[in-house]
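As structure tokens, the structure follows; a few thoughts come after it.
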Number of protein chains: 2
Amino acid sequence: MEKEITIYDIARELDLSPTTVSRALNDHPAVNHKTKQRISEAATQMGYRSNMFASNLRKQRTNTIGLIVPRLDSPFHSSVIAGMEKVANEEGYNLIISQSLETMQKEKANANAMFNSRVDGLLVSLSFETENLDHFESFISKGIPVIFYDRVADHKDCTSIVIDNLQAAYKATSHLIEQGCTNIVHITGNLKRNVYADRLKGYKYALVDHDLPFTDSNVIISQMTEEAGKEAAQQILRMDPLPDGIFVSNDLCAVSCIKALKKAGVSIPKDIAVIGFNNDAISRVIEPNLTTVNYPSQEMGEVALKVLLVQMNGTGERIPGNTIHLRSELIIRESSLRSKASTKKKAVIL
Amino acid sequence: MEKEITIYDIARELDLSPTTVSRALNDHPAVNHKTKQRISEAATQMGYRSNMFASNLRKQRTNTIGLIVPRLDSPFHSSVIAGMEKVANEEGYNLIISQSLETMQKEKANANAMFNSRVDGLLVSLSFETENLDHFESFISKGIPVIFYDRVADHKDCTSIVIDNLQAAYKATSHLIEQGCTNIVHITGNLKRNVYADRLKGYKYALVDHDLPFTDSNVIISQMTEEAGKEAAQQILRMDPLPDGIFVSNDLCAVSCIKALKKAGVSIPKDIAVIGFNNDAISRVIEPNLTTVNYPSQEMGEVALKVLLVQMNGTGERIPGNTIHLRSELIIRESSLRSKASTKKKAVIL
DNA sequence: TAAATAATTGAAACCGATTTCATATATTTG
DNA sequence: CAAATATATGAAATCGGTTTCAATTATTTA
């Protein structure tokens, strides 16, 4: 447990001032090249490491980015985080992470903790429950950029990063219709969240555009968990007539629903065609393989972090109300294929 | 962008000294109860927030815990992290996370970054490639506790948190033998890592204890990815005779292997019984459902963090060479069941 | 009631880097 | 060669809490 070396130690050693040492270590142009060399050598030789707290205290910035996710143990979010970590790491930023566990109360607490930790920027994917964005105002009024991704909300000073959920849902539903489905159920999450509200819209518009009726009773709102998928299946099995298509807002829920339906003797896709969302690994494991929407999760993480960095280091001018869309695509697999020919049919574009 | 409130502002406002304000906010016993009340009210009313950098600078600690994982986008690690975040959050610690992407070089770089960020403690699950622990010596010699979990290594000053991999593998292999398997393949990862080395041992000992021969050619070393599972299946299909059992060191790889085998016309478990490891969600999706080892991942995260906190706040005395074992269990599903009766048979315990 | 002890409070140093402003030396220009 | 400019360095203030040591006031004890 040796003593920590400071710039004062280096200064004394080389008979210079701490000022010059500090400048040299930060590659300041006003320091002689040779002096820099000497200082840098002494620093490594003496085992110096910069004290970020002294530096942060003085510079009033922390080199730290906060992240609030609904859950850490979800394939989607892990993948997003992997993308964020990659960029943060490359750029020399620290990422501090917390989860809201889908409650607004924890999201608030986490936001406050991040605020007190004085993060230089904040990345957020909203919880199911979140009703308003008041807990982010402290950041915004201080000029700390806040970026929402995936589960976003409209705020004039915040950038959002999303896929076109409406279009993705429209394509998925249209695909089911092309496969001959006329009675399609949609299983989705809390409509407070854009992702679910938009997918519901896309589902609805696709029905309307294909002259199919929209019924409230065909929309099942759930927690989108494995358990919820099973329950949704029970609910569907009680429907009369049985639907001939299901569009689910996430893969885990879709898969668990399929499992329950199969157990009840329903044939997928013959009796009911199913489409999921996200393209998680399980979508390639369930039989039949699940048609789903490919979500560029890792890319979304990378983009979110890059955009945040731009805003953090930017000249202060915010790109107001800006929304960035990433491309998603329908991946057609067996779970939705009821006619061989149809794959060649051109998809209807919104 | 209003000005930041400091304890000096509060002190001036209430005509007190910064000393007293600081003490009051930290609930120091030597401050009068009423004074505390006044200060705390003024603080909230004025919108004060503590400057962690000033505090850290003076206190020489950071309230931050570093975490280095091989990959963020793995069900196992996300679940561990979820557990860690939960405890860290409750205890008021920040978690900064980075991934080694299975290379020693990145692991080193991340360790250095963590060291410079002056984390108060470090949690590590080693990369495939890691050859030695030199990059953690800086922590250890400074008295910063380092804890390894899952993929651990022996170090006299570090605690490790693991499950009994040898026993788990022994049980899994024994189960296959009880099901009538006599020619069992083991697919596992880099033997530099304890988890894989120990599982290999458990596999080997189970064979020996049941008077079955052990052959090197029945052990396939791979990267344990989805792709690797497919390749392993090809290798297995070329074996003559075909094995009648496979024990795979992770579920993803097992599932992808099963998919490839099924495609080649092999019947699971009739022709080949399969067991995975981890109890990821996909193990309940593949058909037949995968027999696997339940890994208490979230619990491992919680325990790791709690043990770290004890060491960080402890009296400095380290529990040397301490290893903590968590309980795991074999979850028997269809992928390994070849005889109905056998489930009732008592498992052989090592 | 005087002396001893406990309860509160504050002044000032400190943590370690950054930055402003000033200064000394070196180089260039007229 | 004097004046102007460029180059290189340093002194000291600063960021905002924490902590040591001292001082003051209140309370208890003899």
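Below, chain A is the first sequence line, B the second, and so on; all start at residue 1. Note that the structure is a prediction, hence the values are computed from the model and not measured.
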Indicate, with a heavy-atom threshold strictly under 4.0 Å, whether Val21(B) touches base, sugar-phosphate, or nothing.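 No contact.
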Return the value, rounded to whole Å, for the distance between atom [atom1] of [X] and atom [atom2] of [N].
{"X": "Ile39(B)", "N": "dT18(D)", "atom1": "CD1", "atom2": "P", "result": "12 Å"}
{"X": "Asp27(B)", "N": "dT8(C)", "atom1": "CG", "atom2": "P", "result": "13 Å"}
{"X": "Arg38(B)", "N": "dT9(C)", "atom1": "CZ", "atom2": "P", "result": "9 Å"}
{"X": "Lys34(A)", "N": "dT7(D)", "atom1": "NZ", "atom2": "P", "result": "16 Å"}
{"X": "Leu14(A)", "N": "dG10(D)", "atom1": "CG", "atom2": "P", "result": "10 Å"}
{"X": "Asn32(B)", "N": "dA6(C)", "atom1": "CG", "atom2": "P", "result": "18 Å"}
{"X": "Ile10(B)", "N": "dG10(C)", "atom1": "CD1", "atom2": "P", "result": "14 Å"}
{"X": "Asn63(B)", "N": "dT18(D)", "atom1": "CG", "atom2": "P", "result": "11 Å"}

If you count heavy atoms of other groups shown closer than 6.0 angstrom to NZ of Lys192(A), is the number above 12? yes
Tell me which pairs pass ring-ring contact (aromatic ring centres under 6.0 Å, His included) where either residue lies in residues 90-113 of chain B, with sequence neighbours left out.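 Matches after skipping sequence neighbours: none remain.
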What is the per-nucleotide protein-contact pattern of nucleotides 15-26 of chain C, from the 5' end, where B denotes a base atom under 4.0 Å from a protein heavy atom, S denotes such proximity for sugar-phosphate atoms only, and - denotes neither? BBBBBB------
Please confirm whether the backbone N or O of Ala54(A) pairs with a side-chain atom of Asn51(A), one donor and one acceptor, at under 3.5 Å? yes
When you check the gap from the basic side-chain N to the acidic O, do Glu4(A) and Arg118(B) get nearer than 4.0 Å? yes
What I want to find out is whether Arg193(A) reaches Glu129(A) closely enough, with some N-O distance under 4.0 Å, to be called a salt bridge. no
When you measure from the side-chain N and O atoms of Thr35(A) to the phosphate of dT9(D), is any distance below 4.0 Å, counting only OP1 and OP2? yes
Does dG10(D) have OP1 or OP2 under 4.0 Å away from a side-chain N or O of Thr20(A)?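 Yes, within the criterion.
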In terms of the angle between their ring planes, are Phe53(B) and Phe53(A) parallel, tilted or perpendicular, with boundaries placed at 30° and 60°? parallel
Under the side-chain hydrogen bond (donor to acceptor under 3.5 Å, both in side chains) test, which residues partner Asn89(B), sequence neighbours left out? Asn110(A), Glu85(B)
